Amino acid sequence: MSTTTPEIQALDDDFRGELVHPGEPAYDDLRKVWNGSIDRRPGLIARCTGVADIRSALAYARRTGGPVAIRGGGHSFPGHSTCDGGILLDLALLKGIRVDPVRRTARAQAGVLLGELDRETQAFGLATPSGIVTHTGLAGLTLGGGIGWLMRKYGLSIDNLLSVDVVTAEGELVTASEDVNPDLFWGIRGGGGNFGIVTEFEFRLHPVGPIVYGGLLAWPMDRSPELLRFYRDWITDVPDELTTAIIHRWLPAVPTIPAELHGRPVVAMVVNYCGSIEDGERVVAPLKAFAPPLLDLCTARPFLSLQSMLDPSFPRGRWYYMRACDVGELTDEVIDIAVERGLAIDSPYTSYPIFQLGGAISRVPADSTAFGGRTSGHTFNFVGATPGPEGFDAQQDWVRESSRAMEPHQSGVYVNFLTDEGPARIRSAYGPSTYNRLQSLKQKYDPTNLFHLNQNIPPN
Ligand code: FAD
């Protein structure tokens, strides 16, 4: 049970949400994050119910001087949203969402998960670009950029962000948009949680679905060399409505996949066409004609079902380790490495998506947001996973080896796909001029680096 100090008492007197201390029944569950390999023990978990609680918890953190972790959906690969000692501000209770179907906008609070926002917006046949697994937090995903199945048509999540409300390190609530605090708005769009705690996001929405054409197609993994070469040529001429990802993995034991295929090593393609069903069928037809797929789950389906299709592959609590990189294009050398790393997979939990970028993302001027990968063609995402500690070292080795093999070909890295890889990698996610600008902004909004549990940009 907790020892009550005067600081804790002062916070308790001024807090509407729940304060959870080590030893209390809820503590062990609340301290967990998505990645089961992260095992940290915050000194206090503050379950905030609004801006007033966030300000009180920050004041406590400033008074006591320990580390401050901010948690949205808890999906940070390296576990940046928890800490040993200090205070964890858990924003999961901030679930408010308001859709304005006339203006085609949505406001969402910091604890909203991707699937929760999609559910509300799809009630009006609308959506904003987000990620590919519905239990990911909207906050962390958006602050790094936000890539997903709508990105080539409508851009990144940040390209659809209209405004944010932010609590700064000093506890001030400010709005940032193109017109108000534009410097902060620039940095928030890609700079992660470095500049403050975003309490609410406002997004532009687009008509999407509710039925779209998409899903997963899979071929035996030994077809990968031909498929990747076919794919490289095919995507030079596809419309922005189509976004795709290649995944090398063993087919998972999930109900949507016939039992006789479970565990089969495959090269899979996930596609989403966010236009008419007929156009989708026409655009995807050459891919289906490449060779008869082993598994064809690509069909007209609710957008919500496409969004949640990969959820069972990334459950909370498994042990995960990841390395990522962007590449300009799928050259022969890159394809040879991609194939070899796929064939080297020896676990049913390990996989690696290669996302297709380009389209609307690349038409946004590089200096208009802090996101670094506007000109990248593809982003590789080597994800090693095990149910628990057993065998984790071997999967980490596969990830590190894959990352090393791709190193000579990489053009950068998406900040939300970084683990703890050091300052040089963070710089390479932004490039020198964006990084320098972010450092100046950090100096202005968080000169003591209170918010350092993130892909940290220290003040200059
Ligand atoms: P958290 O762990 O809660 O937070 C991540 C970081 O953001 C921490 O540093 C935290 O302090 C900070 N933060 C969180 N909330 C706030 C806030 N309100 N204000 C300020 N800082 C805050 N990314 C994509 O772009 N597209 C994808 O399709 C995608 N798929 C993913 C699937 C899975 C299964 C996982 C684990 C990750 C995926 N990612 C994807 C990466 C994802 O964007 C990042 O892991 C992101 O940080 C997750 O956000 P979160 O709120 O869940 O994380």
Side-chain angles (χ1 to χ4, degrees), residues 32-38 40 48 51 54 58 67-83 88-92 94 108-116 129-151 156-158 164-169 176 187-188 190-201 243 245 270 272 307-318 320-322 324 351 353 355 357 361 371 373 379 381 383 385 414-420 426 445-446 450-457:
K32 287 185 190 143
V33 288
W34 168 81
N35 185 348
S37 76
I38 308 292
R40 299 197 185 121
C48 303
V51 169
I54 291 173
L58 278 184
V68 185
I70 315 299
R71 186 161 79 203
H75 276 44
S76 152
F77 285 96
H80 284 156
S81 48
T82 183
C83 51
L88 162 58
L89 274 69
D90 178 3
L91 307 180
L94 300 177
Q109 289 184 318
V112 167
L113 306 181
L114 304 187
E116 294 164 346
S130 67
I132 65 163
V133 172
T134 65
H135 46 74
T136 312
L138 181 69
L141 176 129
T142 301
L143 294 173
I147 69 170
W149 300 129
L150 300 177
M151 64 183 160
L156 303 166
S157 301
I158 52 169
V164 281
D165 289 347
V166 185
V167 176
T168 65
I188 286 281
N194 272 288
F195 310 107
I197 302 178
V198 177
T199 59
E200 199 161 310
F201 299 82
T243 297
V270 182
N272 174 47
Q307 286 289 81
S308 61
M309 192 176 64
L310 298 180
D311 286 6
S313 294
F314 299 99
R316 179 183 159 94
R318 272 187 196 157
Y320 295 95
Y321 183 71
M322 160 136 125
S351 65
F355 296 93
L357 303 173
I361 302 171
F371 180 79
T379 188
N381 211 313
V383 187
Y414 171 31
V415 73
N416 270 356
F417 289 163
L418 280 174
T419 50
D420 279 327
I426 299 173
Y445 283 98
D446 184 18
L450 181 70
F451 303 118
H452 65 273
L453 293 178
N454 42 43
Q455 297 299 345
N456 195 231
I457 298 159

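Since the model is a prediction, treat every value here as computed from it, not as a measurement. One-based numbering, in listed order, for ligands and for the atoms of each.
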Taking only heavy atoms of the protein into account, state which residues are under 4.0 angstrom from an atom of ligand 1, in chain and number order. Trp34, Ile70, Arg71, Gly72, Gly73, Gly74, His75, Ser76, Phe77, His80, Ser81, Leu91, Ala110, Gly131, Ile132, Val133, Thr136, Gly137, Ala139, Gly140, Leu141, Leu143, Gly146, Ile147, Gly193, Gly196, Ile197, Val198, Phe314, Tyr414, Asn416, Phe417, Leu453, Asn454
Any idea how Phe417 and Phe355 line up, ring-wise: parallel (<30°), tilted (30 to 60°), or perpendicular (>60°)? parallel
Candidate list Asp420, Thr419, Asn454, test side chain to side chain donor-acceptor pair (under 3.5 Å), partner His80, passing option: Asp420
So which atom in [X] and which in [Y] form the shortest heavy-atom distance, rounded to 0.1 Å?
X: Ala385; Y: Tyr320; result: CB-CD2, 3.7 Å
X: Val164; Y: Val166; result: CG2-CG2, 3.8 Å
X: Leu138; Y: Leu114; result: CA-CD2, 3.7 Å
X: Leu91; Y: Ile197; result: CD1-CG2, 3.8 Å

